[in-house]
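In each ligand, atom 1 is the first atom listed, and ligand 1 is the first ligand listed. As the structure is a prediction and not an experimental result, all values here were calculated from the model.
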Amino acid sequence: SKALGRNRYSFFEPAIGERLKEEMALFTHLRSAVKQRAFTLHYQPVLPQQPGLAPYAEALLRWPQGGSNASPGVFIPFAENHGLIEAIGDYVLDSACDFVARSRDAGLPQIVSINLSAKQLALGDLPAKLARQLQASGIDPSSVELELTESTLIQDLAAIGSILQELRAAGFRIAIDDFGAGYSSLNYLVELPVDKVKIDQRFIGSLAGNPRNQAVVEAILALARAIGVQTVAEGVETAEQLAFLRAHGCHYVQGYYLARPMPEADYLAFCRQSG
Ligand code: C2E
Ligand code: CA
Ligand code: CA
Ligand code: CA
């Protein structure tokens, strides 16, 4: 019985048992979703604020279940910790590249930005894998951007630098995601060959009436400009935020104020409308 179990084992045992059961269930569920490719990608517009730049789309993973979507903010870290991220990452690469090919064939050529997990970069065969994927989809590396969060970069900076160099030489663009949220953001900016930084949405969300955050965002924009790195502000939710970013020369903006992530058909309709 339960009471017996509590007496015989430590006080904490039942709670740990429950959590383990939940994790086992999630693991089984996620593993079968991977096998069945039961995911989809949504696309959120990233819109230029300066002349001569093209709009593009960030691909965001969705795991549909009964009318709602499980949050990638939760199941991606779980997948990373339980050996499922490589297969999920492969799904994302395949689907995003096929999206680029389909949209080109439909006369609406797109550039797509893909989120990469640290584990994918660490596998080392990423450049070869990407090359195979591009060939299979029949698309060009110039239509693919790769987003790496700062947490990805914490490891061996020199090793990561040389992988990024290889990817850039192959024609991919590289963006640092969630910039400013980590411990050595400036170091990454100086040491790593990147094309873009995406300013962490926490800084954008708290711009209003917050002179400190305004100064931080202005400084990031000025520094990036000085070293020839483009800037993206994500999480733009208000007209005031947009006006501030425009006034300070941010290259691209992304956020609910402009457009939410959406299914492929809606995204292409959005492009037709705004093109
Ligand atoms: P992220 O890469 O920083 O993506 C931005 C997140 O902010 C997305 O959440 C997006 O839907 C949300 N967002 C966009 N505009 C706004 C806004 O104006 N306000 C607010 N509050 N949020 C906004 P989402 O789609 O839930 O993704 C969460 C995280 O999961 C992503 O953060 C990324 O780290 C991870 N993720 C998503 N798709 C993938 C993927 O295919 N591969 C990997 N490795 N990670 C992914
Ligand atoms: Ca394919
Ligand atoms: Ca991202
Ligand atoms: Ca981000």
Can you tell me which portion of Glu234 lies within the under-4.0 Å heavy-atom range of ligand 1? Options are side chain, backbone, both, or neither. side chain
Which single N/O/S atom of Asp178 lies at minimum distance from the Ca ion (ligand 4)? OD1
Only one of Glu147, Gln44, Arg173, Lys196 clears side-chain hydrogen bond (donor to acceptor under 3.5 Å, both in side chains) with Ser113; which? Glu147
Checking distances from the Ca ion (ligand 2), one finds that the N, O or S atom of Asp94 closest to it is OD1
List the atom of Cys250, the atom of Ala233, and the distance in Å for their closest heavy-atom pair. SG-N, 3.6 Å
Gln254 to ligand 1: N or O pair under 3.5 Å? no
Pick one of side chain, backbone, both or neither for how Gln201 approaches ligand 1, counting any non-hydrogen atom pair under 4.0 Å. side chain
Please indicate whether any nitrogen or oxygen in Asp177 is less than 3.5 Å from any nitrogen or oxygen in ligand 1. yes
Tell me whether the guanidinium CZ or amine NZ of Arg102 lies under 6.0 angstrom from the six-membered ring centre of Phe99 and within 45° of its axis. no
For ligand 1, which part of Leu61 has a heavy atom less than 4.0 Å away: the side chain, the backbone, both, or neither? both
So which heavy atom in the protein is nearest atom 11 (O) of ligand 1, and how far is it from that ligand atom? Pro261 CG, 3.4 Å
Atom of Ile111, atom of Val144 and distance for their closest heavy-atom approach: CG2-N, 4.5 Å
For ligand 1, is there an N or O atom under 3.5 Å from any N or O atom of Tyr257? no
Within-cut-off N or O pair, Ser71 and ligand 1, under 3.5 Å: no
Only N/O/S atoms count here: what is the atom of Asp98 closest to the Ca ion (ligand 2) called? OD2
With respect to the Ca ion (ligand 4), what is the nearest N, O or S atom of Asp177? OD1
Just checking, is any N or O donor in the side chain of Gln50 or Tyr252 under 3.5 Å from an acceptor N or O on the other one? no
Heteroatom proximity flag, Glu80 to ligand 1, N/O under 3.5 Å: no
Using a 4.0 Å heavy-atom cut-off, say whether Glu58 meets ligand 1 through its side chain, its backbone, both or neither. side chain
N/O/S atom of Glu234 inside 3.0 Å of the Ca ion (ligand 4), strictly under: yes
